K.L.:
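Here it is: the structure, laid out below.
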Amino acid sequence: MAERLAVVSGGGTGIGAAVARTLVADGCSVLVLGRRAEVLAATADRIGAQTGRPEAVRPVPVDLTDPEQIGRVLEAVGDRPVDVLVNNAGAFHSAQEDTLAGIAAYWRATLDTNVLTAVLLTEALRPMLRRPGGRVILISSIAAQRGGDEAYAAAKAALHGWAYSLAAQLGPEQITVNVVSPGYVAETELFLGRMTPEGHAKRVAATLVGRAGTPDDIAESIRYLASPAAGYVTGQILGVNGGSVLGR
């Protein structure tokens with residue numbers, strides 16, 4: 001079988017980097033996308049060294065909120081079919097002003113970063129997805145299921161509804177679309193400088209397994225959904241949260 005190609009957005013750190021490393025270890029060629037060129041390059045070098053496959057991982061610096069920059073990804077893909085697309089790009093934004101203009105800017109930035117990035121990248125690569133057998137995976141958040149920061153929770157929940165529609169559209173072409181919804185994963189930039197010891201303890205106590213998640217926990221769930229073994233799984237929300245929100 002020819003080497004599979006995976007594209008991972010938000011691949012420079014945390015969950016995205018763990019996903020990229022896992023897919024490279026599984027034999028995929030992986031394009032890691034992100035805005036920070038130096039971070040991406042360092043991650044690609046590290047993954048190459050860890051897996052012994054430096055030729056299999058390529059950094060592609062790109063701002064996925066800018067339609068004009070998406071062409072960089074298309075150039076990197078070339079004429080190869082895309083087997084796995086992991087939409088992991090996203091970030092938490094804080095409102096800067098308590099005015100209607102400030103609230104509008106805060107919501108737009110949150111939706112652009114967490115929803116528009118996935119939509120633009122997926123639509124750009126949609127003609128290149130392998131038929132049959134392509135995999136589209138979206139990373140949302142436990143906030144989409146239980147609330148939290150209002151704009152962030154709403155943005156992540158929007159991915160769920162979009163995934164259902166996309167799964168229905170692509171299913172006849174034997175392309176699956178699924179969402180992984182992580183719980184509290186301490187080792188991510190989302191919580192960098194924002195998490196107190198009390199907040200950490202509260203989130204761990206909310207799980208049934210008594211620990212925070214790790215980027216590798218999320219990467220392992222994506223490994224399954226990206227594999228040929230998951231060909232009959234589509235239109236699903238997979239909660240990976242230690243039991244802090246039960247299945248529904």
Side-chain angles (χ1 to χ4, degrees), residues 7-17 19 31-40 59-76 85-126 136-170 177-185 188-195 199 218 237 239 241 245:
V7 177
V8 180
S9 71
T13 62
I15 291 171
V19 170
L31 301 179
V32 287
L33 316 183
R35 292 175 300 165
R36 297 170 296 179
E38 291 184 0
V39 172
L40 283 181
V60 182
V62 59
D63 181 349
L64 294 173
T65 66
D66 182 356
E68 294 186 1
Q69 293 191 34
I70 304 292
R72 300 177 187 175
V73 183
L74 303 183
E75 290 176 7
L85 171 57
V86 181
N87 285 293
N88 174 64
F92 177 86
H93 295 271
S94 298
Q96 300 300 310
E97 298 179 20
D98 190 19
T99 63
L100 287 180
I103 292 169
Y106 155 61
W107 274 81
R108 288 189 181 115
T110 301
L111 291 168
D112 282 356
T113 304
N114 293 284
V115 180
L116 191 63
T117 52
V119 171
L120 292 181
L121 181 60
T122 302
E123 288 302 317
L125 294 180
R126 186 167 175 166
V136 178
I137 302 167
L138 312 177
I139 311 301
S140 69
S141 167
I142 195 172
Q145 297 159 293
R146 71 177 185 189
D149 175 80
E150 54 189 17
Y152 183 77
K156 292 302 188 182
L159 294 176
H160 294 191
W162 179 53
Y164 296 148
S165 297
L166 198 60
Q169 294 169 18
L170 295 178
V177 180
N178 292 288
V179 179
V180 173
S181 177
Y184 174 49
V185 179
T188 66
E189 289 190 336
L190 181 67
F191 296 108
L192 186 63
R194 297 180 56 241
M195 184 54 62
I218 312 306
I237 312 297
N241 58 45
V245 169

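The model shown is predicted, which means the values in this text are computed figures rather than measured ones.
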K.L.:
Of all heavy-atom pairs between Thr113 and Ala91, which one has the smallest distance, and what is that distance?
P.N.:
CG2-N, 3.4 Å
K.L.:
With sequence neighbours left out, write down each residue that passes side chain to side chain donor-acceptor pair (under 3.5 Å) with Thr65, or none if nothing qualifies.
P.N.:
Asp63
K.L.:
Any side-chain heavy-atom pair from Pro182 and Ile15 closer than 4.5 angstrom?
P.N.:
yes
K.L.:
I'd like to check the side-chain contact (heavy atoms from CB on, under 4.5 Å) partners of Ile237; sequence neighbours left out, ordered by chain and number.
P.N.:
Gln145, His160, Tyr164, Val179, Ser181
K.L.:
Taking all heavy atoms of Ile70 and all of Ala124, pick out the closest pair and write down the distance.
P.N.:
CG2-CB, 3.4 Å
K.L.:
How close do Gly11 and Leu40 get, counting heavy atoms only, and between which atoms?
P.N.:
C-CD2, 4.2 Å
K.L.:
What pairs with Glu123 under salt bridge (charged side-chain N to carboxylate O under 4.0 Å, His left out), at least two apart in sequence or on another chain?
P.N.:
Arg126
K.L.:
For residues Leu64 and Ala89, report the shortest heavy-atom separation together with the two atoms involved.
P.N.:
CD1-CB, 4.3 Å
K.L.:
Mind checking what makes side-chain contact (heavy atoms from CB on, under 4.5 Å) contact with Ala168, not counting sequence neighbours?
P.N.:
none
K.L.:
With a 4.5 Å heavy-atom cut-off, do Val136 and Leu138 have their side chains touching?
P.N.:
yes
K.L.:
Ala104: what forms a side-chain contact (heavy atoms from CB on, under 4.5 Å) with it, not counting sequence neighbours?
P.N.:
Arg108
K.L.:
Please enumerate all residues that pass side chain to side chain donor-acceptor pair (under 3.5 Å) together with Arg35, with sequence neighbours excluded.
P.N.:
none
K.L.:
Closest heavy-atom contact between Val245 and Asn241?
P.N.:
O-ND2, 3.2 Å
K.L.:
Suppose we screen for side chain to side chain donor-acceptor pair (under 3.5 Å). Which residues come up paired with Gln96, at least two apart in sequence or across chains?
P.N.:
none
K.L.:
I'd like to check the side-chain contact (heavy atoms from CB on, under 4.5 Å) partners of Ser141; sequence neighbours left out, ordered by chain and number.
P.N.:
Ala143, Tyr152, Lys156
K.L.:
What distance separates Leu111 CG from Tyr106 OH, expressed to the nearest 0.5 Å?
P.N.:
9.5 Å
K.L.:
List for me each residue that meets side chain to side chain donor-acceptor pair (under 3.5 Å) alongside Glu150, sequence neighbours excluded, and say none if there are none.
P.N.:
none
K.L.:
Please test Leu166 against Thr122 for side-chain contact (heavy atoms from CB on, under 4.5 Å), starting from the C-alpha separation and ending with a verdict.
P.N.:
CA-CA 10 Å; Leu166 198 60; Thr122 302; 3.8 Å; yes
K.L.:
Test side-chain contact (heavy atoms from CB on, under 4.5 Å) on Leu121 and Leu33; report intermediate values, then the result.
P.N.:
CA-CA 10 Å; Leu121 181 60; Leu33 316 183; 3.8 Å; yes
K.L.:
Considering non-hydrogen atoms only, spot the tightest contact between Arg72 and Val62 and give its length.
P.N.:
NH1-CA, 4.0 Å
K.L.:
I want to check something: taking the side chain as every heavy atom from C-beta on, are Asn87 and Val7 in contact at a cut-off of under 4.5 Å?
P.N.:
no
